[in-house]
There are 2 protein chains.
Amino acid sequence: MNKSTRTTRQRQVILDQLCALSTHPTADELYHLVRQELPHISLGTVYRNLELLSDQGLIQCLELSGHQRRYDGSTAPHSHIRCTVCDRVADLPIAPPQAPLAEAQRHTDFLVTGLKTEFVGLCPSCRCAKDK
Amino acid sequence: MNKSTRTTRQRQVILDQLCALSTHPTADELYHLVRQELPHISLGTVYRNLELLSDQGLIQCLELSGHQRRYDGSTAPHSHIRCTVCDRVADLPIAPPQAPLAEAQRHTDFLVTGLKTEFVGLCPSCRCAKDK
DNA sequence: GTGTCTGCAAACCATTTGCATCGGT
DNA sequence: ACCGATGCAAATGGTTTGCAGACAC
């Protein structure tokens with residue numbers, strides 16, 4: 001049986017704000033946004049709620065190869081692309097590429113359960129900066 | 001023109017040890033190994049050399065979704081699988097899965113340059129632990 | 001001798017945690 | 001009233017950096 005959770009104002013605002021965004025913010029970025037509505041919220045609370053919401057499957061936690069964790073309000077399956085220069089992340093509305101898990105399984109003593117993919121590239125502004 | 005680099009004993013030992021391993025060690029794991037040969041080496045030196053060697057293309061730096069960076073003495077193209085429980089990483093001697101970069105490009109204003117893939121699963125020992 | 005590299009220790013930065021208090025139920 | 005959640009601040013842990021002395025060339 002699952003632990004019961006309460007609907008606090010903090011949790012609700014965090015979820016609402018995240019779902020209203022398509023920028024895949026870091027915990028800190030979201031913290032600053034939420035603070036405009038709840039000026040006394042603490043960063044620890046943001047972290048705790050993001051973990052809880054993602055455990056409940058209401059949001060998605062993106063552990064891409066960048067330096068900071070990012071969060072996505074959409075839980076529908078889609079891909080992501082990350083800018084190799086500024087680490088910005090965008091959605092890519094195509095299904096995550098499939099891979100031959102069965103073939104992979106033939107080559108390892110690990111139990112193969114999945115594949116994580118991440119497109120990489122240059123975001124519009126880093127792309128322009130580079131052209132100069 | 002590239003900055004010149006010197007062949008120090010530290011750099012050589014780090015490279016040799018890493019290439020002799022197939023365990024994809026973290027900087028800290030490698031540090032402890034290297035210390036058996038060079039007891040006074042510092043962790044900072046290990047980090048600096050790993051970065052330098054990977055800039056030179058002599059080793060590969062793995063930024064998988066785990067918590068720590070890992071390093072691979074082999075630069076030949078191959079895949080990796082990561083244990084979701086203990087973060088251990090192993091080689092997978094199959095070519096990295098291809099993806100339709102051109103199709104991805106049609107859906108984003110990023111300049112798509114590549115795809116990073118990472119198999120995930122359970123390593124033999126975490127798999128056994130789970131069976132109990 | 002020049003300029004890179006090292007060891008050491010302190011700094012950094014994202015994330016986590018302990019604790020007293022608050023507030024949903 | 002109970003117990004989960006919060007705010008605060010300190011702790012953690014991986015990685016980076018400043019600096020004075022050491023060493024490769």
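Below, read A as the first sequence line, B as the second, and so on, with proteins coming before strands; counting in each chain starts at 1.
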Quick check for you: among D:dG4, D:dT15, D:dG7, whose closest atom lies nearest to any side-chain atom of A:S42? D:dG7
Rounded to the nearest Å, what distance is computed from the [atom1] atom of residue [X] to the [atom2] atom of nucleotide [N]?
X	N	atom1	atom2	result
A:Q10	C:dC22	CD	C1'	10 Å
A:L50	D:dA5	CG	P	14 Å
B:H67	D:dT12	NE2	P	18 Å
B:E51	C:dC5	CD	P	12 Å
B:Q68	D:dT16	CD	P	12 Å
B:Y71	D:dG14	OH	P	13 Å
B:H40	C:dC8	NE2	P	8 Å
A:D87	C:dA14	CG	P	11 Å

Residues at least two apart in sequence or cross-chain that pass ring pair (Phe, Tyr, Trp, His ring centres under 6.0 Å) with B:H107, listed by chain then number, are none
For B:H32, check ring pair (Phe, Tyr, Trp, His ring centres under 6.0 Å) against everything at least two apart and list the hits. none
Is the closest side-chain donor-acceptor distance between A:K116 and B:S65 under 3.5 Å? yes
Pick base, sugar-phosphate or nothing for A:N49, based on heavy-atom distances below 4.0 Å to the nucleic acid. sugar-phosphate
At under 4.0 Å between heavy atoms, what does B:I41 touch on the DNA or RNA strands: base, sugar-phosphate, or nothing? sugar-phosphate
What parts of residues 30-38 of chain A reach DNA chain C, counting only heavy atoms under 4.0 Å away? none
Roughly how far, to the nearest 0.5 Å, is [atom2] of [Y] from [atom1] of [X]?
X	Y	atom1	atom2	result
A:S54	A:D72	OG	CG	11.5 Å
B:R127	A:L111	CZ	CG	4.5 Å
A:I81	A:T117	CD1	OG1	11.5 Å

With 3.5 Å as the limit, what N/O pairs link the protein to nucleotides 23-25 of chain D?
{"residue": "D:dA24", "atom": "N3", "partner": "B:R6", "partner atom": "NH1", "Å": "3.2"}
{"residue": "D:dC25", "atom": "OP1", "partner": "B:T7", "partner atom": "N", "Å": "3.2"}
{"residue": "D:dC25", "atom": "OP1", "partner": "B:T7", "partner atom": "OG1", "Å": "2.6"}

Which comes earlier along DNA chain D counting from the 5' end, the contact point of B:T26 or that of A:L52, where each point is its nearest nucleotide? A:L52
Taking NZ, NE, NH1 and NH2 as the nitrogens, is one of them in B:E29 or B:R70 under 4.0 Å from a carboxylate oxygen of the other?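 Yes, B:E29 and B:R70 are salt-bridged.
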Take B:S125 and B:R88, measure what side chain to side chain donor-acceptor pair (under 3.5 Å) needs, and give me the verdict at the end. CA-CA 10 Å; B:S125 61; B:R88 197 185 320 229; 3.1 Å; yes
Who clusters with B:L38? Use side-chain heavy atoms, under 4.5 angstrom, across I, L, V, M, F, W and Y, and order the result by chain and number. B:V13, B:I14, B:L15, B:L18, B:L21, B:L30, B:Y31, B:L33, B:V34, B:I41, B:L43, B:V46, B:Y47, B:L50, B:L53, B:L58, B:I59, B:Y71
Sub-4.5 Å side-chain heavy-atom contact between A:R48 and A:Q10: no
Parallel, tilted or perpendicular, as decided by the 30° and 60° cut-offs, for the rings of B:H80 and B:H24: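 It falls in the perpendicular class, over 60°.
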Distances under 3.5 Å between nitrogen or oxygen atoms of protein and nucleotides 17-21 of chain C:
{"residue": "C:dG18", "atom": "O6", "partner": "A:R48", "partner atom": "NH1", "Å": "3.3"}

Just do the side chain to side chain contact (heavy atoms under 4.5 Å, CB included) check on B:E37 and B:Q17 with the steps written out, would you? CA-CA 10 Å; B:E37 202 167 333; B:Q17 292 263 16; 3.3 Å; yes
